[in-house]
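To start, the structure under review is shown below, and the notes come after it.
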Amino acid sequence: MQKLPQSVDFALKETSPNIGAGAIAGDKLSCTYDLVEQMQYLYVRVVKAKDLPGKDVTGSCDPYVEVKLGNYKGKTKHFEKNSNPVWNQVFAFAKDKIQASVLEVFVKDKDVVLDDLIGRVMFDLHEVPKRVPPDSPLAPQWYRLEDRKSDKAKGELMLAVWMGTQADEAFPDAWHSDAASVGPDGVAKIRSKVYLSPKLWYVRLNVIEAQDLLPSDKSRPPEAFVKVTLGNQVLKTRISQSKSLNPMWNEDLLFVVAEPFEEPLILTVENRAGNKDEIMGRCVIPLPGVQRRLDHKPVNTRWFNLEKHVIPEGEQKKEIKFASRIHLRVCLEGGYHVLDESTHYSSDLRPTARQLWRPSIGIFEIGIISAVGLMPMKNKDGRGTTDAYCVAKYGRKWVRTRTIVDSFSPKWNEQYIWEVFDPCTVITIGVFDNGHINGGGGGGGKDSRIGKVRIRLSTLEAERVYTHSYPLLVLHSSGVKKMGEVQLAVRFTCLSRINMLHMYSHPLLPKMHYIHPLSVIQLDSLRYQAMQIVSIRLSRAEPPLRKEVVEYMLDVDSHMWSMRRSKANFFRIMDVLSGLVAVGKWFDQICNWKNPITTILIHILFIILVLYPELILPTVFLYLFLIGIWNYRRRPRHPPHMDARLSRADTAHPDELDEEFDTFPTTKPSDIVRMRYDRLRSIAGRVQTVVGDLATQGERFQSLLSWRDPRATTLFVIFCLIAAIVLYVTPFQVVALVIGIYVLRHPRFRHRLPSVPVNFFRRLPARSDIML
C-alpha cells in the first residue's frame, strides 16, 4: 500500500523540450511538427526493379530488396518468378543511431538454403540530399546494379534516398530501424495510425399496437408482448394490458446503432404461454430506409405486416397463414449526442446530425514527445521489456503512435491536431504496451495498460504551449503504482474568442436532451451499448485498436462500486464545505471579540448595510470581484493531472482495493453472500455517483473565481463588476421587483431549454476529470 509521503513522486513536472525547431519565420505558417523535438531520419524508398536476371535452375528469380545500414537491416517482401517487381516501400533509419558511413541496398533472390545476390547499390551518406517539408517529394531514380566487385550487373533498381524529419509524408508508413527485431508480420502492428470511431445514432421505436394476432390456443386470450432485436441488443415491451387479438402497448424502446447500418431491426410479437413463449408474428425493418429526425416533432406512424411463422411438429412443419400487422413509429434520432464516454470528461458534445453542428471555435494540437521510467510489462528472452505506444482520443478521431520496441524511455515525437467545437471538453491520452508483436511475445495476447492522462481544454490558456511530464498512475490490488511518465506538449488555438465565449451560454448537450430527456437508467444502458459498438468497430480496423484499449480509454468500468471512490467523493464534498466552515469559525471569532479591531469594523459595516440596504448586493458583488482579481496572481499555471491523493489511492486499505478489483458478480463461494454483496455494490455505486455529482456542483462554484477556466472566470469577474455598478445606481426595490416578477413569470414565457446562468454553471470545470 502506498504511503502518503510518496505521493510527491506523483506530481506534474514542467519540462523544457527542444521543440519548435521546424518553425518557419515571418508570415508563413509554422511547421506541423512544432510541438515535438525534431528527429532526423535517413529515408530509403525502394520503388521497383527491372530486367533482373534469373538465378534459379528454371531461369527465373524470386527477388526481394535488403537495405543495410551498419547493424540495421530491413527487407521487402519477395515476389515469386518476377523479373520486374514493384515494392514501393519506404525504410527509415534514425540518424542518432547510425554508425556507418555507407548505405548498401542489395537485390537478392529468395532461396531455400542461401539467398543469391543479384546486385547492389551503394550510397555515401555524406552525399545524401536533405529534404525539409513542405518541399516537393524527392523523385526516385534508376540505378544500375553492381556485383560485389563493383562491376556492372544485369538489372536496374529504382530508388530515392534522402535525409528528412518525422514531418515527412513518408514517415507514418515507413519501416523503422527501431523495429528491426520485429518480423514482417508484425511491422503493420507498430505503425502510427489514425482511426475514426463510427457515427452513432439512437434508434427510437414506438410500439403502438397490433391487429389480428392469432395464437395457437384460441381458448385463452393472448398475453402479447413485443421483443425487438438489433444486433446484440434485445429489448422487450410489457405484456399488453388489453388481452385481446388487438393488443396495445404504446412504449418507447431506444437502441444504439452505428453507420454503416449492418443489422436490421427485427420485431417478434410473442405470446406468454407457459414455459415457452409462442411467436405470433415477425417483422424486419432495414435501418437505411428509416426516417431521420432532427428535432422534437413526431414522425409519421406506419403499419407493418407481420410475416408468417412456422411451428415444428416432429419432422413436419405447419405454416400458419394470417394477415396480422403492427403499428409502429420508428426514427433515427439525429438531435441527440450519443454518449460513449462519461459526461464528466466527454470529448464531443455535438448532435449526431451534421446539419445541427455549430462552426468550430478553435483547434487543439498535441505533441506526444516521449516517456521515461516505464515499467517492464512482460518478459522476453528471460528479461523484462516494454513495447510502448500512445493512444489519444478526442471526438470521433483516435490516434495511435508507432510502437517503440524494447525501450523503457521511448521517443515518439509525433504531433496531431483536432478541430474543437466546444472548449468544455476533455482529451484522453493513454499509454499501452503492445502485446501482439511477433505473435504476442509473452504479452498474454492483450495490450497492457501503462497509464492515462486527461486534459480539459477549458483549463488551458489560448495560444500558450504547455510542456509537462505527466505521471502515469495505475491502481492495482496492491495499491497505486507509478508506471512512468509521459512528456506532452499541448496547445489550444482559438479561432474566434467571441464565438468561444458565446459557447458558455449554450446548453452543454444538444437541446433534444432537455426537450425529451432520457432517464439515467436509459443513458447508462445506451452508453454501455455505444462503447461495445465502438470497441467492436475499432477492433476490426487494420491494424486493430484492441478492445481492452478502447474500454480503458472510455472508462467502461467507472460505474462499479468502489469504497475508495466513495471516500474520495465524500472528502471532495467536505473540501467544498470547508469554506462555509471557515466562515462560521471566523464569525464565531467576531462574536467572541477575538480581534477587537476586526469586530468593530464588522459592526460599522453591519450598521451601514442596515441603514442603507441598497448597498448589500453591490457590496457582495464588489467583494466577489475583488476576490477574483486577488486570486488572479495565484491562478493555476499548469494543466490538471491525475491526483492520487484526491482519489484516495495512496491511503486505500488493502481490503478495500481487494473489493474494488473483485469481479462483478462477486466470486465469493456462498450464494447468500454473493446476492447480498452484489446488491450492496449496485446500490452503493449509484450513491457514489450522486455524491460525486454533488461534489462536482460544489467544485464548479469554487471554479468561478479560481481561474481554473480562465475564460469563464473572466466572464464572471466582468459580470460581477457590471452587476455591482448596475445595482449601485438602481434602487433596491426596483431590483427586487424585477427579480420577483421574472421568477413568477407565466409558463408561456418560460423556455424549455436551460437558462444562460445554468448553462454557464454547467460548463465550469470540476475535479472529476482528474480523479483516478
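Numbering of residues begins at 1 and proceeds along the displayed sequence.
Not a single side chain to side chain donor-acceptor pair (under 3.5 Å) links Thr386 to another residue, sequence neighbours left out.
The ring pair (Phe, Tyr, Trp, His ring centres under 6.0 Å) test with His176 singles out one residue from Phe93, Phe91, Trp412, Phe171, and that residue is Phe171. When Lys393, Arg449, Lys452, Arg565 are each tested for a salt bridge (Lys or Arg N to Asp or Glu O under 4.0 Å) with Asp555, only one passes: Lys452. Checking each of Val391, Leu545, Val556, Ile536 against Val550 for a side-chain contact (heavy atoms from CB on, under 4.5 Å) leaves exactly one that passes, namely Leu545. Of the candidates Thr15, Asn413, Thr467, Gln487 forms a side-chain hydrogen bond (donor to acceptor under 3.5 Å, both in side chains) with just one, namely Thr15. Of the candidates Gln166, Arg400, Arg402, Arg402 is the only one forming a side-chain hydrogen bond (donor to acceptor under 3.5 Å, both in side chains) with Glu414.
The nearest pair of heavy atoms linking Val372 to Ser409 is CA-OG, 4.1 Å.
Residues Leu526 and Gln529 are not in side-chain contact: their nearest non-hydrogen atoms beyond the backbone lie 4.5 Å or more apart. Taking 4.5 Å as the limit, some side-chain heavy atom of Arg45 sits within range of a side-chain heavy atom of Asn88. Between Trp175 and Val67, every side-chain heavy-atom pair lies at or beyond the 4.5 Å cut-off. Considering only heavy atoms from C-beta on, Gln532 comes within 4.5 Å of Lys547 through its side chain.
Remark: Asp433 engages Lys378 in a salt bridge, criterion side-chain N to carboxylate O under 4.0 Å. A salt bridge does not link Glu419 with Arg350: none of the charged nitrogens is closer than 4.0 Å to a carboxylate oxygen. A salt bridge is defined here as a Lys NZ or Arg NE, NH1 or NH2 lying under 4.0 Å from an Asp or Glu carboxylate O, and Lys446 with Glu548 fails to meet this definition. Ion pairing between a basic and an acidic side chain is recognised when a charged N comes within 4.0 Å of a carboxylate O; Lys411 and Asp96 show no such pairing. Between Glu14 and Arg637 no salt bridge is recorded (no basic side-chain N to carboxylate O distance below 4.0 Å). We find that Arg456 and Asp709 are not joined by a salt bridge, their nearest charged nitrogen and carboxylate oxygen being 4.0 Å or further apart.
For Thr428 and Tyr345, the side-chain atoms include no donor-acceptor pair closer than 3.5 Å. Residues Asn18 and Gln38 have side chains that never bring a donor and an acceptor to within less than 3.5 angstrom of each other.
Ring-plane geometry between Tyr394 and Phe364 is classed as tilted, the angle between the planes lying from 30 to 60 degrees on a 0 to 90 degree scale.
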CA sep, side-chain torsions, deciding dist, call: Glu262, Arg540, salt bridge (charged side-chain N to carboxylate O under 4.0 Å, His left out): CA-CA 14 Å; Glu262 298 177 347; Arg540 285 160 48 183; 2.9 Å; yes

Stepwise salt bridge (charged side-chain N to carboxylate O under 4.0 Å, His left out) check, Asp387 with Lys380: CA-CA 11 Å; Asp387 306 322; Lys380 183 179 180 181; 5.7 Å; no

Worked check of side-chain hydrogen bond (donor to acceptor under 3.5 Å, both in side chains) between Ser535 and Glu551: CA-CA 7 Å; Ser535 63; Glu551 290 184 347; 4.9 Å; no

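Taking CG of Leu374 as the start and CD1 of Ile450 as the end, the distance is 5.0 Å to the nearest 0.5 Å.
Aromatic pair His641/Phe10: centroids not less than 6.0 angstrom apart.
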